[in-house]
Amino acid sequence: MTGGAGYIGSHTAIELLAAGHDVVVLDNLSNGTRAAVEAIGRVANRDVPVVEGDIRDPVCLDRAFAEHRFDAVLHFAALKAVGESVAKPLRYYQNNVAGTVCLVERMAAHGVKTLVFSSSAAVYGDPGTMPINEDSPPDPTSPYARTKLIVEGLLHDTHAADPGWRISILRYFNAVGAHPSGEIGEDPAGVPMNLLPSVAQVAVGRRELLNVFGNDYPTPDGTGVRDYLHVVDLARGHVNALDYLATGTGVAVHNLGTGRGHTVFEVVRAFEAASGRQIPYRIAPRRPGDVVVSCADPGKAGDELGWTAQYDLRRMCEDLWRWQTTHPHGFRGGKA
Ligand code: UD1
């Protein structure tokens, strides 16, 4: 798997190993950490080989394909900060699009034609009608989201040119939480951009207060609504996707979400309950580019992959709190 030292990749590695698969991690460690891979090994009680390298480096990829026999590639490696993608679009096209072109070329050269791709609900933009199913027309609103949609397109084209490919495109809604062991979790470098890591850092005392980006949206309490999904549920979805690909060639697109939306204030209250801490906040202006509501219709993943999310918001917050309290400064700060 590419990006296996990152947040979603590391959780997926654990679920794959538990399902009896072998895993090799390829990561350039620009965002992921070696400590995350070591933690995968501890949780799964297995050694996980790591290739430190970049998906844009064909020599490194060729070496990995020569040293290991792969049935499939799970492709997580990407940059994912929406704001940064506006400021530095070419970095995003270079890593996310050119990187995937290089990876898919080397896969084809080595005869590995089964791929699970990490896409994002961000490809939908702000469709207005909820919940969002896979037929909603994509309308990405940031360079980051456009790179995801471009990769989806190049994967469809790759399959059209060579129908031997088996490709699963998974459109993730908002992945949050941490592994219940407390051994792995999200480890944002610098100031977290996303809601749950910010809330957790306020609760643990690393940050003073939470900025709530807008309380005048047309939602029950005025704050934005998102479909938060436990990262372990999301990780399990990849195991199902791999099983599904074993049944035939083609390109499949699936939403992975719970189908339930929560407001920012609901998240804050749930985290207060899970942590026993108060989360001080202030109302800040709306964040440019934010959509009002984003909620998945996960029915197709249920029907075709046999996957549904198991964990609720309370469990997401409890597991995140365990990770945050045992690793207040993430992997980089060591264990508390
Ligand atoms: C963001 C990205 C999305 C990406 C995902 C995972 C945008 C517009 N979208 O999703 O493309 O796939 O992260 O990286 O950036 N909020 C606060 N205070 C905070 C942080 C967030 O009030 O400090 C609110 C937001 O306004 C939003 C909700 O919390 O209503 C969720 O925000 P966030 O966790 O950043 O996720 P998305 O914006 O949905």
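The basis for the numbers below is simple: all heavy atoms, side chains too, and nothing from hydrogens, waters or symmetry mates. For ligands, and for the atoms within them, numbers begin at 1 and follow the listed sequence. Predicted model, so just to flag it, every value in this text is computed and none were measured.
- The nearest protein atom to atom 18 (N) of ligand 1, hydrogens excluded, is given as Asn211 O, 2.6 Å; this is a heavy-atom distance.
- Of the heavy atoms in Val82, only side-chain atoms (C-beta onward) come closer than 4.0 Å to ligand 1.
- Contact annotation for Asn174 and ligand 1: only side-chain heavy atoms (C-beta onward) come within less than 4.0 Å of the ligand.
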Phe173/Arg226 under side chain to side chain contact (heavy atoms under 4.5 Å, CB included): CA gap, chis, key distance, verdict: CA-CA 8 Å; Phe173 283 69; Arg226 294 291 182 277; over 6 Å; no
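- Using a 4.0 Å cut-off between heavy atoms, Tyr7 makes no contact with ligand 1 at all.
- Annotation for ligand 1: atoms under 4.0 Å from non-hydrogen atoms of Val212 are 22 (O).
- Closest approach of Gln201 to Pro188, counting heavy atoms only: NE2-CG, 4.3 Å.
- Looking only at protein heavy atoms, the nearest one to atom 1 (C) of ligand 1 is Asn194 ND2, 3.6 Å.
- At least one N or O atom of Leu195, backbone or side chain, sits closer than 3.5 Å to an N or O atom of ligand 1.
- Counted within 6.0 Å of CG on Asp47, heavy atoms from surrounding residues, nucleotides or ligands total 12 or fewer; the atom is thus considered open.
- Between Asp312 and Arg315, none of the side-chain N atoms (NZ, or NE/NH1/NH2) sits under 4.0 Å from a carboxylate O, so this pair counts as no salt bridge.
- Residue contact annotation: Phe173 has no non-hydrogen atom under 4.0 Å from ligand 1.
- In terms of protein heavy atoms, atom 24 (C) of ligand 1 is closest to Val264 CG2, 3.7 Å.
- Pairs engaging residues 238-259 under the salt bridge (Lys or Arg N to Asp or Glu O under 4.0 Å) rule: none recorded [sequence neighbours left out].
- By the criterion of a heavy-atom distance under 4.0 Å, the side chain of Tyr144, and not its backbone, is placed next to ligand 1.
- Here Phe70 pairs with Phe65, His68 under the ring-ring contact (aromatic ring centres under 6.0 Å, His included) rule; sequence neighbours left out.
- Ligand 1 lies nowhere less than 4.0 angstrom from a heavy atom belonging to Ser294.
- For atom 31 (C) of ligand 1, the candidate residues are Tyr281, Tyr228, Phe213, Phe265; the nearest heavy-atom contact is made by Tyr228.
- Atoms of ligand 1 lying under 4.0 Å from any heavy atom of Ala122, numbered from 1 in the order shown and given with element: 11 (O).
- When the heavy-atom distances from atom 27 (C) of ligand 1 to Arg286, Glu186, Met193, Arg226 are ranked, the shortest goes to Arg226.
- In summary, Arg286 and Asp290 do not engage in a salt bridge, as defined by a charged side-chain N under 4.0 Å from a carboxylate O.
- Scanning the protein heavy atoms around atom 25 (C) of ligand 1, the nearest turns out to be Asp290 OD2, 3.4 Å.
- Considering only non-hydrogen atoms, atom 35 (O) of ligand 1 lies nearest to Arg287 out of Gln201, His262, Arg287.
- Separation of atoms CZ (Arg277) and CH2 (Trp321) is listed at 4.0 Å; rounding is to 0.5 Å.
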Steps toward side chain to side chain contact (heavy atoms under 4.5 Å, CB included) verdict (Tyr228, Leu195): CA-CA 10 Å; Tyr228 297 99; Leu195 180 62; 3.2 Å; yes
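- The atoms of ligand 1 that sit less than 4.0 Å from any heavy atom of Ser198 are 23 (O).
- For Glu38 and Arg46, the salt-bridge test fails: no basic side-chain N is under 4.0 Å from an acidic carboxylate O.
- The number of heavy atoms from other shown groups lying within 6.0 Å of CZ (Arg314) does not exceed 12.
- Under a 4.0 Å criterion applied to the non-hydrogen atoms of Ser120, ligand 1 contributes the atoms 12 (O).
- Asp62 and Arg106 are joined by a salt bridge, as a carboxylate oxygen and a charged side-chain nitrogen come within less than 4.0 angstrom of each other.
- For ligand 1, the atoms sitting less than 4.0 Å from at least one non-hydrogen atom of Gly224 are 30 (O), numbered in the order shown with element in parentheses.
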